[in-house]
Protein chains: 2
Amino acid sequence: MAITSTRAAGHSIGQAAALSGVNAETIRYFERIGLIPRAGRMSNGRRTFGPEHLRRLAFIRQARELGFAQSDVRQLLGLADGAPGSCAKVKVIVDANMQAIRGKIARLRRLEEVLKAVSASCANGTRPDCPVIEALMHDAPAALSRGA
Amino acid sequence: MAITSTRAAGHSIGQAAALSGVNAETIRYFERIGLIPRAGRMSNGRRTFGPEHLRRLAFIRQARELGFAQSDVRQLLGLADGAPGSCAKVKVIVDANMQAIRGKIARLRRLEEVLKAVSASCANGTRPDCPVIEALMHDAPAALSRGA
DNA sequence: TCTTGCTCCTGTAGTTACTACAGGACCTAT
DNA sequence: ATAGGTCCTGTAGTAACTACAGGAGCAAGA
């Protein structure tokens, strides 16, 4: 849209990256896939980013760090942009992600137990036959059979 | 190597998939990238899998389920194949993965806390302005700043 | 003025670990 | 003969970026 002069009003992509914590190449990628609107260009073709862009980038980064999938982020942005009173939908997405995270935690805790046992069986690591390899070769770790 | 007759000695890829729990297409992929040795072929070109292949596939599946990266699996298989007395190296890999898993668990627990707070702030989800969106837009969740 | 170095541009390919499909061959049974 | 199932190879798609190639602009120092 707005094509500004070379003396920029907004931030360069490098500045936007530093300010938002999103890698510059990733910002271009987000623009390409439409996760953020197309940034303004200066007369030399370089992007300028205003505060609204920075807020959006920060939002995306936070959401991604919280483990939201890109599709979730897209939905949340859509809800944030348009649809008033869509807070309930937002809560659904957040709660679904919280459930997923709790599931992951439970699963990882089981994995930790298995690995701890396996590492302990290795003891000092001086035995000629490796019990770890043997264990992985033959057993289905009981802790994993449930709820893969 | 061994080209068998049509009446097979070993298992078909479908059977191998069922027995090992590894998808048939994934088995072909593993063969292609050299994670398993090239399976024998029957006179009609179809693969046959013997018990050694099945053990290897089971091993890979277990290790992947335990969160080992493919590169780790490859190393472990190498250690299992050759190098006697390499149990110590195996232990190193296992322990590194255990550390990684513990880190993931800690991180996910922090995420859970943030999401729980965020979801609670949403309460009944009937407010016109969504505090979740606002929170993600503006705040850097303190729990995440450390140890990303 | 030239040169060095930085940032930026577009477009494409690589990454991880698979999964899915296209298009064809073969096998088994009715 | 024909229908359905399994298998083959090879390629392309997935998520979510990251990295690179090849080029252009810009600012500052010698």
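To find a chain, count down the sequence lines: A is the first, B the second, and so on, and within it residues start at 1.
Counting only heavy atoms from C-beta on, A:Phe30 has its side chain closest to D:dC17 among C:dA17, D:dC8, D:dC17. With C:dC27, C:dC8, C:dA17 as the choices, the nucleotide that has an atom nearest any side-chain atom of A:Arg46 turns out to be C:dC8. The side chain of B:Arg32 sits closest to C:dT19 out of C:dT19, C:dT7, D:dA16.
Remark: C1' of D:dC17 and CG of A:Leu35 are 12 Å apart, rounded to the nearest angstrom. When rounded to the nearest whole Å, the span between CZ of B:Arg61 and C1' of C:dC18 equals 16 Å. Regarding B:Ile60, its CD1 atom lies at a distance of 12 Å from the P atom of C:dA17, rounded to whole Å. We find that CD1 of B:Ile33 is positioned 17 Å from P of D:dT11, with the value rounded to whole Å. Atom CZ in A:Phe49 sits about 16 Å away from atom P in C:dT7, given to the nearest Å. Taking atom NE2 on A:His11 and atom P on C:dT7, their separation rounds to 17 Å, with Å as the unit. A straight line from CD of A:Glu31 to P of D:dC17 spans 16 Å, rounded to a whole angstrom.
Distance CG/B:Leu57 to OG1/B:Thr26: 10.0 Å, rounded to 0.5 Å.
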Would you sort out whether A:Arg64 and A:Arg61 count as a side chain to side chain contact (heavy atoms under 4.5 Å, CB included), showing the intermediate values?
CA-CA 5 Å; A:Arg64 295 285 303 127; A:Arg61 189 178 65 83; 5.9 Å; no
Test B:Leu77 against B:Ile60 for side chain to side chain contact (heavy atoms under 4.5 Å, CB included), laying out the working first.
CA-CA 8 Å; B:Leu77 283 169; B:Ile60 296 171; 4.0 Å; yes
If you apply the rule side chain to side chain contact (heavy atoms under 4.5 Å, CB included), what do you find for A:Leu19 with A:Phe49, and how did you get there?
CA-CA 11 Å; A:Leu19 289 169; A:Phe49 297 86; over 6 Å; no
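B:Arg46 places no side-chain N or O within donor-acceptor distance of the main-chain N or O of B:Ser12, the cut-off being under 3.5 Å.
Of the residues listed (A:Glu25, A:Gln70, A:His53, A:Arg56), the one engaging A:Phe30 in a side-chain contact (heavy atoms from CB on, under 4.5 Å) is A:Gln70, and it is the only one.
Here B:Ser71 does not reach the OP1 or OP2 of C:dT16: none of its side-chain N or O atoms lies under 4.0 Å away. For the pair B:Arg41 and D:dC7, the criterion of a side-chain N or O lying under 4.0 Å from OP1 or OP2 is not met. Contact annotation: B:Arg47 reaches the phosphate of D:dC8 (side-chain N/O to OP1 or OP2, under 4.0 Å). Considering only side-chain N and O atoms, A:Gln70 lies nowhere under 4.0 angstrom from the phosphate OP1 or OP2 of D:dT14. Between B:Asn44 and C:dA25 there is no side-chain polar atom (N or O) within less than 4.0 angstrom of OP1 or OP2.
Partners of A:Gln99 by side chain to side chain contact (heavy atoms under 4.5 Å, CB included), not counting sequence neighbours, listed by chain and number: A:Arg102.
Residues from residues 16-29 of chain A placing a heavy atom under 4.0 Å of any atom in DNA chain D, listed by number, are A:Asn23, A:Glu25, A:Thr26, A:Tyr29.
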